[in-house]
J.: 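For reference, the structure I am asking about is given below.
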Amino acid sequence: MATTLRSIRGVVPLLDRILVQRMKAEAKTASGLYIPEKNVEKLSEAKVLAVGPGALDKDGKHIAPSVAPGDRVLIPPFGGSSVKIGDEDYLLFRDAEILAKLTDEK
């Protein structure tokens, strides 16, 4: 029996899992030409939507996740567990699989 989710809010990551949505690449060139969807590259940048409570180390101490909902992060081009809700694709990664946290500092 399959469960159909109507909203991403129905997905709550467990342990050190992080739910992200890959950012969409620009489908239009600087000169205004539209690029076909199949030719648009996947970006390695994603937005964190939800974060699990964290994991426990071998001594039983709590390890808090390194990111929070709303953060922008770099993710590997492959990996993670795919979650599809409606027409949208989301990914679940472990905290250690996130490559970097992006900030707007200059």
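The chain is numbered in sequence order, starting from 1.
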J.: Taking the side chain as every heavy atom from C-beta outward, state whether Leu91 and Ile75 have any pair of such atoms under 4.5 Å apart.
T.: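 A side-chain contact under 4.5 Å exists here.
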
J.: Hey, does Pro13 have a side-chain heavy atom less than 4.5 Å from the side chain of Leu92?
T.: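 Side chain of Leu92 against side chain of Pro13, heavy atoms only: contact under 4.5 Å found.
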
J.: Could you state the interatomic distance from CZ (Arg17) to CG (Leu19), rounded to the nearest 0.5 Å?
T.: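 Going from CZ on Arg17 over to CG on Leu19, the span is 12.0 Å.
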
J.: Give a yes or no on this: more than 12 heavy atoms of other residues, nucleotides or ligands lie within 6.0 Å of atom CG of Asp59.
T.: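 Counting neighbours around CG of Asp59, more than 12 heavy atoms of other residues, nucleotides or ligands fall under 6.0 Å, so yes.
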
J.: Answer yes or no: does atom NZ of Lys84 have more than 12 heavy-atom neighbours from other residues, nucleotides or ligands under 6.0 Å?
T.: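 Yes, because the 6.0 Å sphere around NZ of Lys84 holds more than 12 heavy atoms from other groups.
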
J.: Looking at Arg72 and Glu45, is any side-chain nitrogen of the basic one under 4.0 Å from a carboxylate oxygen of the acidic one?
T.: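 A salt bridge is present here (some side-chain N lies under 4.0 Å from a carboxylate O).
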
J.: Closer than 3.5 angstrom, by distance alone: can the side chain of Asp95 be matched with the main-chain N or O of Ile18 as a donor-acceptor pair?
T.: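 Looks like no, no N/O pair under 3.5 Å.
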
J.: Within the 4.5 Å heavy-atom criterion, are Val20 and Tyr90 side-chain neighbours or not?
T.: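 Sidechains of Tyr90 and Val20: no contact.
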
J.: Mind checking whether Ile98 and Leu74 have side chains closer than 4.5 Å, heavy atoms only?
T.: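 Of all side-chain heavy-atom pairs linking Leu74 with Ile98, none is under 4.5 Å.
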
J.: State, to 0.1 Å, how close Arg22 and Pro76 come at their nearest heavy-atom pair, and which atoms those are.
T.: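 Taking Arg22 first and Pro76 second, the nearest heavy atoms are NH2-O, 4.2 Å.
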
J.: Which pair of non-hydrogen atoms, one from Ala50 and one from Pro69, has the smallest distance, and what is that distance?
T.: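 For Ala50 and Pro69, the tightest heavy-atom pair comes out as CA-CG, 4.4 Å.
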
J.: His62 side chain to Asp57 main-chain N or O, any donor-acceptor pair under 3.5 Å?
T.: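 Here the side-chain-to-backbone pair does not exist.
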
J.: Using atom types as modelled and distance alone, determine if a side-chain donor or acceptor of Glu97 lies under 3.5 Å from a backbone N or O of Arg94.
T.: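 A pair under 3.5 Å: yes.
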
J.: Are the side chains of Asp89 and Val83 in touch, meaning some heavy atoms are under 4.5 Å apart?
T.: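 Asp89 vs Val83: side chains apart.
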
J.: Tell me whether Leu102 shares a hydrophobic cluster with Val48, the cluster being built from Ile, Leu, Val, Met, Phe, Trp, Tyr side chains joined at under 4.5 Å.
T.: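 No.
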
